[in-house]
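The structure displayed is predicted, hence computed values, not measured ones. Side chains included, hydrogens not; waters and symmetry mates left out as well; all remaining heavy atoms used.
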Amino acid sequence: MTSQIRYLMCPPDHYDVDYVINPWMEGNIHKSSRDRAVQQWHQLYHILKEHAIVDLVPPQKGWPDMVFTANAGLVLGDTVVLSRFLHKERQGEEPYFKQWFEENGYKVYELPKDLPFEGAGDALLDREGRWLWAGYGFRSELDSHPYLAKWLDIEVLSLRLIDDRFYHLDTCFCPLTDGYLLYYPAAFDSYSNRLIEMRVAPEKRIAIDEADAVNFACNAVNVDRIVIMNKASNPLKERLADVGFEIIETPLTEFLKAGGAAKCLTLRVTEPVREELHANVSVESRILRMEGHLLDAGLINRALDLIVDNGGSFQVLNFNLGEQRQSTSAAEVKVSAPSHEVMEEIISQLIDLGAVDLPQDEQDVKLEPVTIPGVAPDDFYVSTIYPTEVRINGEWVIVQNQRMDGAIAISQTPQGLVAQCKILRDLEVGEQVVVDVQGIRTIRKTESREKRNAEEFSFMSSGVSSERRVELVVEQVAWELRKIRDAGGKVVVTAGPVVIHTGGGEHLSRLIHEGYIQALLGGNAIAVHDIEQSIMGTSLGVDMKRGVAVRGGHRHHLKVINTIRRYGSIAKAVEAGIIKSGVMYECVKNNVPFCLAGSIRDDGPLPDTEMDLIKAQAKYAELLKGAEMILMLSSMLHSIGVGNMTPAGVKMVCVDINPAVVTKLSDRGSVESVGVVTDVGLFLSLLTKQLDKLTSPYTAKMG
Ligand code: ARG
């Protein structure tokens, strides 16, 4: 024995693999050899006794995992926070460990019931005593960390475990003397990795690879410069030797079958306190309220999942289940996050699901001024497609021009305060921008659920439609088009050149001619190919009637561009009688405004094509105002651009032959968007046929 350092161990008299509570135990029930386990345990015990004092806690029959004393609790100075085991298989160990700590003069703290924390298995002191690393994600709950900070008066750094093979922090993380750290980075989420990298200098970090990690190389006992572990690869031995550590290997294969090794079998019970350091927790909690069809619309699942997926944790404090199908439910959820940054990310997503603060917790938005034109304050809140309100001076103000990926700017006008979504480049000095995530709520109309079922677009909830469903979608879109037209509403189309190549041009022309479309958005290409077809009968040189390439056809579109350039604009070419049919012709003739947004690959371009993309975006936004439905026809870029400018509540129908495009576009999380994977020419032809059916007089059928 060379020091006053003490460890606690528990002889393996009753050790066995009796149940499965971690992946290592799977397939190993009663597969470990008692004799070998006893022998391996004694070998570790003797090695450790050469470097420290080892105390023993009496083993208890029926509690086979009690050998893993690391899970007894967490000691600092004369204080211990007792473990609260997650699994009932180990909960019976708690009183025995408690008794040992009490008999040995420790001040024992116990966590509230149902708040799991598995002791030194999930909480490791920096060996310089500067702070406590605490793991969560499998066995210990994030909400236990503030208790550790309070009771032990130490800074707690929360690390999230994401690989279930490394379910306890000590299976993949081992602070060493002198501030070194042995760890397996892949066991942690990226936020935690960043935290580790911020606290531990690169030359002190010893990242191991998977092969060493699965041999539990991180599950090591470190006394001064000695590191005792099950097994290490040669490169790892060399790395540690280079920085002055000596590895002692001692096989612990029988305990690996239960998911533990050297460190798990020991608990350091002397941990000096550094008096000058004090508590500090970055774990934050907030209570939010959700209301609506939480269960049948899947809102509560989505909320709880997103909290965990983003590295937070939750408690459902209250759940009032609505009894009838039509009644709504309400829930209060306590959200915890390891840092303010993570909390903001979680809350902003919960806001999208309609979560709000408790009435007594409501606060005004936080605002920061714009100081450079076109630049938002760092922590600005990023807007979404959902109708949003912000709280200013105790009043909820509706945000205007709702769109996604903007900032919310507040300005003083003669009519009072105005809140509006603005894209970054439009921010002006003098405006205040919403930062952080407080005082923001989105309005989710619960009434719309009942309506939605009864009304058209019920297919919306099903997302991307397969071929089988195309006809159903067409029927519903036709209905909707009719209804909007008859009510004097607005439908906007974004279209790519594929509409023309697939023979959809004539159908789209008809829709425009018959008053179904109020604005057209696209690029240079749709207009060029449409006009080429109208003037020369080809689309990119392919004869549209016979489907074969025409000799010299590849020059057709350039000739067309040249002709239009001669006349000065599409409208003038129509006037001059050069263009006699087609999509652009109908737009001009029926006063349907269009915007052609340019791109780097445009030939020509046509005089009408707006090559200043900032202007083009503004014009798109203008034309989209008041739209009730948008048909997105095989144009990925223009459609995505349009999607970003459009608030929830606008029906979007995205048609593309490529499922990836459709998924990307219809995946807005809002019920009103639907994707159809099909040939766009076919879709348009079915759509005009369906409209004919709807429009043909009823008597015709009878007669
Ligand atoms: N079978 C035990 C469990 O799953 C192993 C505990 C290992 N201990 C540790 N500190 N990693 O709980």
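- In this structure, Arg485 contributes its side chain and Glu514 its backbone to a donor-acceptor pair below 3.5 Å.
- Side-chain contact of Ser383 with Gln402: a donor-acceptor pair under 3.5 Å is absent, judged by distance alone.
- Across every non-hydrogen atom of Gly675 and Val662, the tightest pair is CA-CG1, 3.2 Å.
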Donor-acceptor pairs under 3.5 Å, side chain of residues 390-399 to any protein atom, not counting sequence neighbours: which ones?
unit_1 : atom_1 : unit_2 : atom_2 : d
Arg391 : NE     : Glu362 : OE1    : 3.3
Arg391 : NH1    : Asp364 : OD1    : 3.0

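- Glu344 places a side-chain heavy atom less than 4.5 Å from the side chain of Asp436.
- More than 12 heavy-atom neighbours from other residues, nucleotides or ligands sit within 6.0 angstrom of CZ on Arg425.
- Side chain of Thr563 to backbone of Lys559: a donor-acceptor contact under 3.5 angstrom is found.
- Judged as a salt bridge (charged side-chain N to carboxylate O under 4.0 Å, His left out), and not counting sequence neighbours, the contacts of Arg286 are Asp357.
- Residues meeting the ring pair (Phe, Tyr, Trp, His ring centres under 6.0 Å) test with His529, sequence neighbours left out: His501.
- Taken to the nearest 0.5 Å, the CD1 atom of Ile500 stands 7.0 Å off from the CG atom of Leu508.
- The backbone N or O of Val592 lies less than 3.5 Å from no partner atom in the side chain of Asn590, so there is not a single donor-acceptor pair.
- You'll find the side chain of Val477 reaches within 4.5 Å of the side chain of Met629, heavy atoms only.
- There is a side-chain donor-acceptor pair under 3.5 Å between Thr494 and Ser639.
- Annotation: side chain of Leu306 is in contact with side chain of Ile346 (closest heavy-atom distance under 4.5 Å).
- Under the rule for a salt bridge (charged side-chain N to carboxylate O under 4.0 Å, His left out), the partners of Glu431 that lie at least two apart in sequence or sit in another chain are Lys422.
- Sparse packing is recorded around CE of Met636, with 12 or fewer heavy atoms of other residues, nucleotides or ligands lying under 6.0 Å away.
- Remark: Lys651 engages Glu480 in a salt bridge, criterion side-chain N to carboxylate O under 4.0 Å.
- Residue pairs meeting the salt bridge (charged side-chain N to carboxylate O under 4.0 Å, His left out) criterion with at least one member in residues 588-609: none, sequence neighbours excluded.
- Applying the side-chain hydrogen bond (donor to acceptor under 3.5 Å, both in side chains) rule to pairs touching residues 571-585 yields nothing, sequence neighbours excluded.
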